[in-house]
Chemist: 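What follows is a single structure, and I will ask about it in a moment.
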Amino acid sequence: MMYDPTEHRIRSFVTRAGRLSIAQARALETLGPQFVLPYAKQALDFEQTFGRKAPVILEIGFGMGATTAHIAKAMPEKDFIGIEVHTPGVGSLLKLIGEEGLSNLRLLQHDAVEVLANMIPAGSLAGIHVFFPDPWHKARHNKRRLIQSPFVRQLSERLAPGGYLHCATDWEDYAVQMLEVLGAEPQLQNSAQGYAPQPAYRPLTKFENRGIKLGHGVWDLVFIKK
């Protein structure tokens with residue numbers, strides 16, 4: 001049996017039960033079969049998945065999905081795949097898909113590392129979004145952070161030449177780590193001298209607005225596949 005490195009690693013998330021609202025549960029039941037893709041150890045055919053040929057953007061850890069829905073609505077010419085492990089977040093984004101009539105968005109409720117390894121073909125993505133991943137702010141937990149060299153290499157391999165990796169965090173020491181790790185990846189080139197200005201397509205979240213009012217910083221990093 002082949003050794004699978006994804007089965008022997010430190011996970012960057014903790015699965016929380018979370019309470020489903022009635023609306024989220026209803027969205028999961030009614031829209032889940034159409035918009036949630038089953039996890040499988042088989043490469044996705046994007047054209048078949050979306051019924052058209054278009055650039056595909058992958059988002060890892062979409063939370064409650066408001067940012068994802070906003071971007072998908074603003075870019076109807078692109079297709080989006082969002083990954084999230086927590087059921088209330090999946091239900092919340094499905095509800096937004098229904099309310100906004102979004103046809104260019106599909107979801108996967110599974111570990112992103114395994115999805116990347118088994119479902120996303122090399123060189124297939126136009127972009128990858130990783131917005132506000134868990135900072136694991138205690139020093140002894142830093143090793144759990146998602147943005148580490150092996151994972152960034154895996155992300156880079158899934159990007160088409162000219163594709164981009166956009167990370168954002170509101171933890172300065174994580175931003176410093178991200179800049180160091182992304183800058184050390186030979187497949188990537190920084191689009192800015194250090195941190196990037198916030199791209200217009202990424203909306204400010206309510207937590208971000210609150211943090212900015214309190215004087216907290218937010219750091220965006222946008223790197224391009226060579």
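Just so you know, residue 1 is the first one in the sequence shown, and it goes up from there.
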Chemist: Decide yes or no for M178 and W219: does some side-chain heavy atom of the first lie under 4.5 Å from some side-chain heavy atom of the second?
Modeler: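 No, side chains not in contact.
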Chemist: Which atom pair, heavy atoms only, marks the closest approach of Q24 to S92?
Modeler: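 Distance-wise, the nearest heavy atoms are CG-N, 3.7 Å.
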Chemist: Taking atom CD as the centre, does E100 end up with more than 12 heavy-atom neighbours from other residues, nucleotides or ligands that are less than 6.0 angstrom away?
Modeler: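 Counting neighbours around CD of E100, more than 12 heavy atoms of other residues, nucleotides or ligands fall under 6.0 Å, so yes.
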Chemist: Mind listing the closest non-hydrogen atom pair of S191 and A196 along with its distance?
Modeler: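 That would be OG-CB, 4.4 Å.
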Chemist: May I ask you to establish whether R145 and Y174 are in a cation-pi arrangement, using a distance under 6.0 Å from NZ or CZ to the six-membered ring centre and at most 45° from the ring axis?
Modeler: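 Cation-pi check for R145 and Y174: passes.
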Chemist: Can you give the donor-acceptor pairs under 3.5 Å from side chains of residues 50-61 to other protein atoms, not counting sequence neighbours?
Modeler:
unit_1	atom_1	unit_2	atom_2	d
R52	NE	D79	OD1	3.0
R52	NE	D79	OD2	3.2
R52	NH1	P76	O	3.2
R52	NH2	P76	O	2.8
R52	NH2	K78	O	3.2
R52	NH2	D79	OD1	2.6
E59	OE1	T68	OG1	2.5

Chemist: Would you say that D170 contacts H216 through its side chain, given a criterion of any heavy-atom pair below 4.5 Å between the two side chains?
Modeler: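 D170 does not reach H216 side chain to side chain.
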Chemist: Could I get the full list of ring pair (Phe, Tyr, Trp, His ring centres under 6.0 Å) partners for F131, not counting sequence neighbours?
Modeler: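 F131 satisfies ring pair (Phe, Tyr, Trp, His ring centres under 6.0 Å) with H129, H166 only.
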Chemist: Is the closest side-chain heavy-atom distance between Y39 and N118 below 4.5 Å?
Modeler: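 A side-chain contact under 4.5 Å exists here.
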Chemist: By side chain to side chain contact (heavy atoms under 4.5 Å, CB included), which residues pair with Q109, not counting sequence neighbours?
Modeler: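 Partners of Q109 under the side chain to side chain contact (heavy atoms under 4.5 Å, CB included) test: T87, V90.
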Chemist: Hey, are E208 and R202 close enough for a salt bridge, meaning a charged N less than 4.0 Å from a carboxylate O?
Modeler: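 R202 and E208: salt-bridged.
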Chemist: Within a strict 4.5 Å, meaning less than it, do heavy atoms of the F80 and N104 side chains meet?
Modeler: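 They are in side-chain contact.
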Chemist: Going by an N to O cut-off under 4.0 Å, is there a salt bridge joining R153 and E157?
Modeler: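 The answer is no: the pair does not qualify as a salt bridge.
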Chemist: V176, V130: one ILVMFWY side-chain cluster at the under-4.5 Å cut-off?
Modeler: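 Yes, same cluster.
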Chemist: Could you check if a side-chain atom of D173 sits within less than 4.5 angstrom of a side-chain atom of P135, using non-hydrogen atoms only?
Modeler: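 No, too far: nothing below the 4.5 Å cut-off.
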